[in-house]
There are 2 protein chains.
Amino acid sequence: MPLPQTEVPGRLQAQFTERGIRMTQQRRAILSVMETATKHLDAAQILRKAQRLDSTVDRSTVYRTLRLLKRHGLIDELDLMHINGEGHYYERRLGRDHIHMACLRCGKITEFVSNSFEKLKQQVEKDCHFRVVVSRLEIGGYCSECRGGAQ
Amino acid sequence: MPLPQTEVPGRLQAQFTERGIRMTQQRRAILSVMETATKHLDAAQILRKAQRLDSTVDRSTVYRTLRLLKRHGLIDELDLMHINGEGHYYERRLGRDHIHMACLRCGKITEFVSNSFEKLKQQVEKDCHFRVVVSRLEIGGYCSECRGGAQ
DNA sequence: TTAAGTGCAAATATTTTGCTGTCAC
DNA sequence: GTGACAGCAAAATATTTGCACTTAA
């Protein structure tokens, strides 16, 4: 039942071709941004970066493309515990789910892959008769650097 | 003018007194809504319900009170996997965290309390040296009624 | 008394939509 | 050629803020 880890850490673009989704210049720019991102980006940041690759990219195209990627399960939408307002963040979805931890003091985001998380999802499938498609575990708290003293 | 407050003053209100937070007529209405809610409400729904208890409650007071409750860890903010748009939902925070499962087909929200979830959080504390304060696990998928056939 | 809280209106985000022209296939 | 996709502008949502008045403690 777990997804085969066959996902080549290559191209979102390849996924598009494979699924017969039409490729455009603008989508290529947005996909490239998502592929090369080193941190979680919100829609405004994605727009800005995409426009550096293709100045014609419009805000609405970013939202439409994000929705498309989400529908196809190629990206995840995160809130990062709303540490910086009510916005949303996006990241490429790779083979394995990971936990996001947000430090309530310094704002640092840490990721953590855990077998127990996978087992927990299996338990949900079994005990709740619920077919798990996507999941998101976000934790707010204090990172090792910030938890000294009174925290 | 006293509120038509038939409910027993609940725990949220007691928490306010306990923490020395000033109580107002408007906050009492909002707290009462949160205390008696039987499902997850968004800000607009909370406003509407609170106004039925006290017609003077303003939208901004709702947002300000929700922020206050969140800061004090008395409510949780949820997205329910953004099944119905990009809005946010709120629920009272009770003793035990629970998992939210959202059916991608019928929209039903199910809750699940799991010991494994508690253990997972303990593992994060230990392995990541991260002090867990709040956590949120949301799962999107198909409930038992909706998973027949091709799902 | 007085600092905290409130409504109101306006300002900010954030996301979506209608329309018309364009482009990938 | 044609249906999907684009930009643009405006609408629809969602949330926050400045300010003068009110109120809980």
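Labels below follow one simple rule: chain letters A, B, ... track the order of the sequence lines, proteins then strands, and each chain is numbered from 1.
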Visitor: What parts of residues 45-60 of chain A reach DNA chain C, counting only heavy atoms under 4.0 Å away?
Guide: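 Listed by number, they are A/Arg59, A/Ser60.
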Visitor: Relative to the ring of B/His88, is the ring of B/His82 parallel (under 30°), tilted (30 to 60°) or perpendicular (over 60°)?
Guide: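 B/His82 and B/His88: perpendicular rings.
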Visitor: OP1 or OP2 of C/dT15 less than 4.0 angstrom from a side-chain nitrogen or oxygen of A/His88, does that happen here?
Guide: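 Indeed, a polar side-chain atom of A/His88 lies that close.
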Visitor: So, are B/Arg96 and B/Glu118 salt-bridged, with charged N and O less than 4.0 Å apart?
Guide: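 Salt bridge present between B/Arg96 and B/Glu118.
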Visitor: Using atom CZ of A/Arg27 as one end and atom C1' of C/dC23 as the other, report the distance to the nearest whole Å.
Guide: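 From A/Arg27 CZ to C/dC23 C1': 12 Å.
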Visitor: Taking atom P of C/dT14 as reference, at what distance in whole Å does atom CG of A/Asn84 sit?
Guide: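 These atoms are roughly 11 Å apart.
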Visitor: The side chain of B/Gln26 is closest to which nucleotide in this list: C/dT6, C/dT17, C/dT15?
Guide: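 Given the options C/dT6, C/dT17, C/dT15, the side chain of B/Gln26 is closest to C/dT6.
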Visitor: What integer distance in Å separates A/Arg71:CZ from C/dT16:C1'?
Guide: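 From A/Arg71 CZ to C/dT16 C1': 14 Å.
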Visitor: Is any side-chain nitrogen or oxygen of A/Tyr63 closer than 4.0 Å to OP1 or OP2 of C/dT15?
Guide: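 Answer is yes, contact under 4.0 Å.
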Visitor: State whether B/Arg11 and B/Glu35 are salt-bridged, where the test is any N-O pair (Lys NZ or Arg NE/NH1/NH2 against Asp/Glu carboxylate O) under 4.0 Å.
Guide: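 The answer is no: the pair does not qualify as a salt bridge.
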Visitor: Within this structure, what is the CG-to-P distance between B/Leu68 and D/dT15, rounded to whole angstrom?
Guide: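 Nearest whole value for this atom pair: 17 Å.
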Visitor: Which sits closer to the 5' end of DNA chain D, A/Val62 or A/Arg22, going by the nucleotide each is nearest to?
Guide: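 By nearest-heavy-atom nucleotide position, the 5'-most residue is A/Arg22.
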Visitor: Could you report the tightest heavy-atom contact between A/Cys103 and A/Tyr142, atom names first, then the distance?
Guide: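 Minimum heavy-atom separation between A/Cys103 and A/Tyr142: SG-CA, 4.0 Å.
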Visitor: What is the distance, rounded to the nearest whole Å, between atom CZ of A/Arg28 and atom P of D/dC5?
Guide: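 In whole Å, D/dC5 P and A/Arg28 CZ are 14 Å from each other.
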Visitor: Specify the separation, in whole Å, of atom CE of A/Met23 and atom P of D/dA6.
Guide: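 Taking atom P of D/dA6 as the reference, CE of A/Met23 is at 10 Å.
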Visitor: When A/Glu91 is tested against each of A/Met34, A/Glu111, A/Glu77 for side-chain contact (heavy atoms from CB on, under 4.5 Å), which residue passes?
Guide: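 Filter result, single survivor: A/Glu111.
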Visitor: So does B/Asp54 pair up with B/Arg28, basic N to acidic O under 4.0 Å?
Guide: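 Looking at B/Asp54 and B/Arg28, the cut-off is not met.
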Visitor: Calculate the interatomic distance between A/Arg19 atom CZ and D/dA4 atom P; express it in whole Å.
Guide: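 Result: 19 Å.
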Visitor: For B/Arg64, answer base if it contacts any base atom (sugar-phosphate contacts may also be present), sugar-phosphate if it contacts only those atoms, and nothing otherwise; contact means non-hydrogen atoms under 4.0 Å.
Guide: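 Touches a base.
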Visitor: Rounded to the nearest Å, what distance is computed from the CZ atom of residue B/Phe16 to the P atom of nucleotide D/dA24?
Guide: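 Distance check: B/Phe16 CZ to D/dA24 P gives 15 Å.
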Visitor: Side chain of A/Thr24, heavy atoms from C-beta onward: which of D/dT17, C/dT15, D/dC5 has the nearest atom to it?
Guide: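 When the side chain of A/Thr24 is considered, D/dC5 is the closest of D/dT17, C/dT15, D/dC5.
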Visitor: For the side chain of B/Gln51 and the backbone of B/Arg48, is there at least one donor-acceptor N/O pair under 3.5 Å apart?
Guide: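 No: the side chain of B/Gln51 does not pair with the backbone of B/Arg48.
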